Number of protein chains: 2
Amino acid sequence: MTAAKDTPHLSAELAAFAANLRYEDIPAPVLRRAEDLLLDCLASILAGASARAVQAIDRYAATMGPADGASEVLITRRRTTPLFAAMVNAAAAHVVEQDDVHNGSVFHPAAVVFPPALAVAQALGRSGRDLLVAAVAGYEVGIRVGEFLGRSHYKIFHTTGTAGTLAAAVTTGRLLNLSPEAMLNALGSAGTQAAGLWEFLRDAADSKQLHTAKAAADGITAAYLAQDGFTGARHILEGPQGMAAGMSTDADPSRLCDRLGERWALAETSFKFHASCRHTHPAADALQQALRDNNLTEADIERVVAHVHQGAIDVLGPVVNPQTVHQSKFSMGTVLALIARQGRAGLAEFDAGLDDPGVASFRGKVEMELDPEVDGAYPQRWIGKVTVYTRDGRKLHSRVDEPKGDPGNTLSRAEIEDKTLSLGRYAGAATEQELRGLIDAIWGLEKTEKVGALLPGKAA
Amino acid sequence: MTAAKDTPHLSAELAAFAANLRYEDIPAPVLRRAEDLLLDCLASILAGASARAVQAIDRYAATMGPADGASEVLITRRRTTPLFAAMVNAAAAHVVEQDDVHNGSVFHPAAVVFPPALAVAQALGRSGRDLLVAAVAGYEVGIRVGEFLGRSHYKIFHTTGTAGTLAAAVTTGRLLNLSPEAMLNALGSAGTQAAGLWEFLRDAADSKQLHTAKAAADGITAAYLAQDGFTGARHILEGPQGMAAGMSTDADPSRLCDRLGERWALAETSFKFHASCRHTHPAADALQQALRDNNLTEADIERVVAHVHQGAIDVLGPVVNPQTVHQSKFSMGTVLALIARQGRAGLAEFDAGLDDPGVASFRGKVEMELDPEVDGAYPQRWIGKVTVYTRDGRKLHSRVDEPKGDPGNTLSRAEIEDKTLSLGRYAGAATEQELRGLIDAIWGLEKTEKVGALLPGKAA
């Protein structure tokens with residue numbers, strides 16, 4: 001923190017913000033939104049309980065980690081150390097593609113922030129307020145890191161894995177009450193572990209679950225080590241051999257500390273409405289609107305052109321003929337087929353749609369085109385634009401400026417509760433009664449003296 | 001493995017080689033060298049026992065991991081699961097900068113190969129031969145990955161952390177008897193976790209220990225998950241969003257499967273003679289020779305120019321005024337000062353040299369200059385060239401073509417035993433009697449039916 005005034009020490013500013021953030025500093029609507037996002041995340045974790053990749057990570061955690069502890073593996077009700085509880089919960093959080101997203105950073109904060117927040121708070125017996133402050137700190141830092149690393153980073157690297165490691169470190173570090181100096185060390189140790197490549201997507205491989213699991217686990221490692229005096233690079237983000245130097249060609253240092261304490265990036269985070277990759281959502285909303293406004297059914301549609309940003313083409317383009325349910329959530333053709341045929345693209349629709357010849361046939365009618373306006377607005381705004389060509393020769397344009405779930409078009413608490421009940425029961429991971437208890441616990445989190453288990457343990 | 005002949009599937013070839021390698025396929029001198037390198041690594045681990053950063057990682061392992069298991073934490077004699085034993089041992093292996101190096105890949109294989117090899121062999125009760133085959137597979141793959149990623153990678157990324165994650169995965173995968181297909185998945189999961197940035201070096205931060213610890217741990221994670229059916233990217237190395245795409249600008253695919261089964265890269269690996277960063281060794285040897293040939297002492301020297309490759313300038317250049325013993329091992333001025341003043345640059349000399357004004361004064365007499373011949377030969381050959389300007393006006397050139405410890409100038413088994421006794425006692429981590437038992441165990445490894453603990457457990 002001895003940098004000259006003309007060369008701001010950005011990593012240190014970020015660390016100091018995270019270390020010094022107090023509950024009283026955070027506006028009430030931001031805290032309430034943090035609770036919303038936490039509940040939404042817990043629901044996503046439960047919905048991921050039955051996924052093969054998640055269960056493999058859970059078995060690995062059981063092989064390598066202790067069989068007891070204070071931290072809760074939500075999907076099995078086991079208790080273990082925070083490292084393994086956060087690893088498994090984070091693996092589960094992202095698998096059904098229903099967790100939150102921050103548009104500007106193309107980053108899914110909840111999946112990597114709340115699992116460490118919950119596991120470490122349980123391990124240390126911290127209060128609900130402590131957990132909320134830690135989560136807000138994690139969101140604010142992680143989102144800014146994602147924005148800083150930019151679009152060139154996201155073309156190759158899974159930002160939720162990379163920026164997510166720093167978000168998890170900050171969240172954990174806050175619960176450990178790290179000093180600004182120790183928090184800077186935690187950032188250094190997190191950044192030098194940050195990883196995650198998009199290459200897996202073209203094979204429909206399981207890496208996405210590994211990325212969130214490892215971001216959470218590695219962030220915990222970074223923060224616990226920092227608490228014990230372990231040092232890290234002091235300029236891990238902006239230094240000449242740091243993250244931006246190695247993993248970005250368009251990093252923007254002005255984003256890193258953008259209006260810290262004034263701008264609340266957490267409140268800019270969107271809930272997911274469709275059960276698919278976020279890149280498909282704007283076009284899905286635009287198609288939904290086109291169907292509604294023109295009273296169309298699937299049978300009326302000759303073909304659909306989705307006018308998209310380059311990032312959508314990069315991520316979704318390789319997925320031509322999806323082989324798994326998970327991969328189908330990265331297929332624009334599948335998503336628009338489900339919207340056209342069933343009006344919605346939820347978990348159940350994806351499960352049923354994989355082997356449905358009608359869905360496969362509709363996929364052939366969908367194409368993506370790079371749209372300069374959509375691309376220019378991205379990633380700050382995710383504009384949805386489709387052109388629908390009907391069998392009777394009409395050419396219909398539809399446009400949605402703010403997709404459902406975005407801050408200006410957000411979910412109510414009632415909608416979040418509904419989503420929680422739906423997701424939590426999807427995999428049979430929890431009963432309705434348990435989910436209602438979970439909902440009550442989160443709405444009462446602010447008054448919780450000591451965060452304990454959120455679900456009953458497994459009967460022996 | 002169904003790739004067309006004209007587009008070889010390099011990651012799959014590498015995986016198949018590792019999965020199919022048999023003890024009988026490996027020439028006896030390569031197996032004997034593997035034993036040499038294992039013993040050299042164990043000695044380095046013990047010498048790292050007292051390092052603060054290593055002890056922090058050990059405490060972290062004890063906080064998060066189980067308090068029992070079959071795998072040995074060599075520095076504390078605790079037993080735990082292979083994940084944590086390998087993590088701690090790997091952290092310790094690289095700290096005193098006495099572990100091996102492969103010149104062409106600028107990669108330290110032992111530190112990331114043997115800790116998983118030992119910990120997993122102990123956990124699964126594998127034979128000494130199994131351990132050796134696994135280690136050879138790890139060396140062959142890791143070295144080729146390092147060569148493939150190239151010099152642009154090494155400018156920003158710590159290859160021992162990145163390529164090391166794949167080496168650790170292959171080593172572990174071999175002990176788990178993964179099929180070629182599962183081994184390919186292990187490579188995918190390893191590559192997408194691969195990380196490690198050089199940024200820490202300018203702050204003398206502890207990240208180097210984290211990099212080896214995490215490479216070992218993450219490689220174990222990748223392989224165990226693959227055994228359980230967890231999939232990874234099939235082209236993690238060469239794919240359009242894979243490691244080379246994200247972390248290299250000069251990747252050379254022809255290196256990845258270079259003469260697999262014919263060329264034994266393990267036998268190209270060098271032992272370290274000086275206790276410093278390998279980039280300092282060629283110049284240190286050349287200065288030693290200049291002193292000897294011209295019968296010079298420190299007092300005769302006006303200044304020294306070390307003629308080096310660009311990589312030396314990149315790594316050592318930022319270290320102008322070292323603040324810690326570890327950082328001083330990356331200071332060309334310090335290394336040459338110790339050679340000039342004491343004739344050698346071993347662990348004890350570095351400890352004593354940090355606050356020695358004579359060393360600091362000599363540092364000011366040393367400069368590095370980029371040398372086109374040295375740079376052109378690097379990294380295949382590490383030529384040492386210095387010019388010594390004497391107080392009496394002479395300008396002496398000295399050149400060493402193969403540094404001590406390199407394959408053509410290697411250490412004998414007697415020299416390795418001496419080095420083991422010296423390193424193992426450095427931190428008081430083991431007694432001479434224990435070390436002699438360790439030496440016998442490694443020389444008898446080939447005949448060991450079931451790898452057990454190498455050192456006596458801690459008395460209660």
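Since we're looking at a predicted model, the values are computed, not measured.
The ring-ring contact (aromatic ring centres under 6.0 Å, His included) test applied to B:H153 returns B:F157, not counting sequence neighbours.
Looking only at side-chain heavy atoms (C-beta outward), B:R78 and B:D58 come within less than 4.5 Å of each other. A:P66 is listed as a side-chain neighbour of A:F84, based on a closest heavy-atom distance under 4.5 Å. Residues B:L184 and B:S11 have side chains in contact (heavy-atom distance under 4.5 Å, counting atoms from C-beta outward).
Contact of B:D206 with chain A is made through backbone and side chain together, with heavy-atom distances under 4.5 Å. Contacts of A:A194 with chain B are made by backbone atoms alone, with heavy-atom separations under 4.5 Å and no side-chain atom involved. The parts of B:F230 that come within reach of chain A are both its backbone and its side chain, each placing non-hydrogen atoms under 4.5 angstrom from that chain. Using a 4.5 Å cut-off between heavy atoms, B:S152 does not touch chain A at all. Using a 4.5 Å cut-off between heavy atoms, B:I220 touches chain A through backbone and side chain atoms alike. For B:A217, the part lying under 4.5 angstrom from a heavy atom of chain A is the backbone only.
When each of B:G246, B:G191, B:P318, B:G69 is scored by its heavy-atom pairs under 4.5 Å with chain A, the top score falls to B:G246. When B:R52, B:M247, B:H235 are compared by the number of non-hydrogen pairs under 4.5 Å with chain A, B:H235 comes out ahead. By number of non-hydrogen pairs under 4.5 angstrom with chain A, the leading residue of B:S248, B:P240, B:G232 is B:P240. Ranked by heavy-atom pairs under 4.5 Å with chain B, the first of A:G161, A:A123, A:G196, A:G188 is A:G196. Here B:R59 is the residue among B:Q227, B:Q209, B:R59, B:H158 with the most heavy-atom pairs under 4.5 Å with chain A.
A distance of 9.0 Å separates CG in A:D68 from OG1 in A:T81, rounded to the nearest 0.5 Å. Considering CD1 of A:I236 and CG of B:L197, their distance stands at 5.0 Å, rounded to 0.5 Å.
Aromatic ring orientation, A:F200 versus A:H211: perpendicular (interplanar angle above 60°, classes split at 30° and 60°).
Legend: ring pair (Phe, Tyr, Trp, His ring centres under 6.0 Å) pairs involving residues 310-329 of chain B, not counting sequence neighbours, sorted by first then second residue: B:H326-B:F330.
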